[in-house]
Amino acid sequence: MSKAAALKRCFWAESSDSERAYHDAEWGRPLHGDQALFEFLCLEGAQAGLSWRTVLEKREHYRRIFHRFDIARCASLTDAELEQALTDPGIVRNRLKVYAVRRNALAAQAVQKQHGSLDAYLWSFVDGRPLDNRPRGRGDIPASTPLSDSLSKALRKLGFTFVGTTICYAFLQATGMVNDHLLDCFCREKSEK
């Protein structure tokens with residue numbers, strides 16, 4: 001058994017190599033930068049109704065089609081470009097989700113104008129510091145919280161789509177705004193830094 005296979009991880013990260021790699025290197029670590037946070041908003045929205053593994057395995061296609069989630073470039077995507085994206089089997093070909101990338105980019109630009117950056121705005125929901133739930137097991141991790149309800153409501157008011165409370169909670173976890181690594185997960189201390 002390899003050293004990586006012997007490590008204790010969060011329960012959801014053991015079903016594929018791609019999920020293990022994502023968990024070990026990214027999930028739950030504090031993430032900053034408008035472009036990086038925008039990518040996660042879009043990918044979490046694309047995941048709605050699907051498994052994260054599905055989107056994770058299509059991530060590089062998303063990055064290629066959506067200009068690595070450059071907000072200005074995504075905001076200027078034409079209908080023709082979005083229709084072309086819908087023909088690519090490398091992404092989830094749901095019209096509403098694909099068009100949401102442009103709509104969310106436009107909303108992100110408005111946030112940047114009003115708040116200085118998307119990063120500052122999103123991190124303000126946790127006062128700039130990760131919240132640590134210290135979960136012991138699967139039952140300690142909610143699908144949504146009052147925080148994700150608040151974030152969802154605020155983002156929808158600003159014009160974002162595919163930002164329901166469950167999506168927002170997954171976003172908060174993925175970007176390290178909420179630390180939901182299990183107490184016995186080897187990544188827990190890496191996420192606390």
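Along the sequence shown, the residues carry numbers beginning at 1.
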**Prompt:** Honestly curious: do Phe160 and Leu82 fall in one hydrophobic cluster under the side-chain, below-4.5 Å linking rule?
**Reply:** yes

**Message:** Quick check: is Phe11 connected to Leu56 through a chain of hydrophobic side chains (ILVMFWY, heavy atoms under 4.5 Å apart)?
**Reply:** yes

**Asked** Is a side-chain N or O of Lys97 found less than 3.5 angstrom from the main chain of Ala48, in a donor-acceptor match?
**Response** yes

**Asked** In Å and rounded to the nearest 0.5 Å, what is the CD to CZ distance from Glu81 to Arg73?
**Response** 8.5 Å

**Prompt:** When rounded to the nearest 0.5 angstrom, what distance separates CG in Asp24 from SG in Cys185?
**Reply:** 7.5 Å

**Polar side-chain atom of Glu57 near backbone of Ser18 as donor-acceptor pair, under 3.5 Å** = no

**Item:** Aromatic ring pairing His32/Trp123, orientation class (parallel under 30°, perpendicular over 60°, tilted between)
**Value:** parallel

**Value rounded to 0.5 Å, distance of CG in Leu96 from CZ in Phe162** = 5.0 Å

**Message:** Tell me whether Asp88 contacts the main-chain N or O of Gly90 through its side chain, where contact means a donor paired with an acceptor under 3.5 Å.
**Reply:** yes

**Asked** Should Leu37 and Met177 count as side-chain neighbours, where that means a heavy-atom distance under 4.5 Å?
**Response** yes

**Request:** Measure from the side-chain N and O atoms of Arg95 to the backbone N and O of Leu86, and report whether any donor-acceptor pair falls under 3.5 Å.
**Result:** no

**Co-membership, hydrophobic cluster, residues Ile141 and Phe171, 4.5 Å side-chain** = yes

**Message:** If you apply the rule side chain to side chain donor-acceptor pair (under 3.5 Å), what do you find for Arg20 with His23, and how did you get there?
**Reply:** CA-CA 5 Å; Arg20 273 188 292 280; His23 170 271; over 6 Å; no

**Request:** Step through it carefully: locate the ring centre of Trp27, locate the ring centre of Trp12, and say whether they are under 6.0 Å apart.
**Result:** yes

**Asked** What is the distance from atom CG of Leu118 to atom CD of Gln35, rounded to the nearest 0.5 Å?
**Response** 11.0 Å

**Request:** With sequence neighbours excluded, tell me which residues meet side chain to side chain contact (heavy atoms under 4.5 Å, CB included) with Cys74.
**Result:** Phe38, Phe66, Leu77, Val101, Ala105

**Request:** Output yes when a side-chain donor or acceptor of Ser144 lies under 3.5 Å from a complementary backbone atom of Thr166, and no otherwise.
**Result:** no

**Message:** Give me the atom names and distance for the closest heavy-atom approach of Phe125 to Ser150.
**Reply:** CE2-OG, 3.9 Å

**Item:** Rounded distance (nearest 0.5 Å) linking atom CZ of Arg93 with atom OG1 of Thr87
**Value:** 7.5 Å

**Message:** Check whether Ser124 reaches the backbone of Tyr121 with its side chain - one donor and one acceptor, N or O, closer than 3.5 Å.
**Reply:** yes

**Prompt:** Are any side-chain N or O atoms of Asp184 and backbone N or O atoms of Arg136, one a donor and one an acceptor, separated by less than 3.5 Å?
**Reply:** no

**Prompt:** Considering only heavy atoms from C-beta outward, does the side chain of Leu41 approach that of Leu155 to under 4.5 Å?
**Reply:** yes

**Interatomic distance, Arg9 atom CZ to Glu19 atom CD [nearest 0.5 angstrom]** = 11.5 Å

**Prompt:** Are any side-chain N or O atoms of Asp119 and backbone N or O atoms of Asp34, one a donor and one an acceptor, separated by less than 3.5 Å?
**Reply:** no

**Prompt:** Does CZ belonging to Arg64 count more than 12 external heavy atoms closer than 6.0 Å?
**Reply:** yes

**Item:** Verify same cluster id: Phe40, Ile71 (apolar side-chain graph, 4.5 Å)
**Value:** yes

**Item:** Short side-chain to backbone donor-acceptor contact, Asp127 and Arg129, under 3.5 Å
**Value:** no

**Prompt:** What pair of heavy atoms forms the shortest contact from Glu39 to Arg63, and how long is it?
**Reply:** OE2-NE, 2.9 Å

**Prompt:** So which heavy atom on Pro135 is nearest to which on Asn179, and how close?
**Reply:** CD-O, 4.2 Å

**Prompt:** Do Asp79 and Arg102 pass the salt bridge (Lys or Arg N to Asp or Glu O under 4.0 Å) test, and can you show the C-alpha distance, the side-chain angles, and the key distance before you say yes or no?
**Reply:** CA-CA 9 Å; Asp79 285 353; Arg102 180 178 63 192; 2.8 Å; yes

**Request:** Determine, using the 4.5 Å side-chain heavy-atom cutoff (strictly less than), whether Leu50 and Tyr62 are members of one ILVMFWY cluster.
**Result:** yes

**Message:** Within the structure provided, determine whether Tyr99 and Thr161 are in side-chain contact (heavy-atom separation under 4.5 Å).
**Reply:** no

**Request:** Would you mind telling me which of Leu131, Leu147, Leu122 makes a side-chain contact (heavy atoms from CB on, under 4.5 Å) with Leu172?
**Result:** Leu147

**Request:** Mind listing the closest non-hydrogen atom pair of Ile167 and Gly45 along with its distance?
**Result:** CG2-N, 4.1 Å

**Item:** Minimum heavy-atom distance Thr165-Thr145, with the two atoms named
**Value:** OG1-O, 4.0 Å

**Item:** Closest non-hydrogen atom pair, His181 against Gly28
**Value:** NE2-CA, 4.0 Å

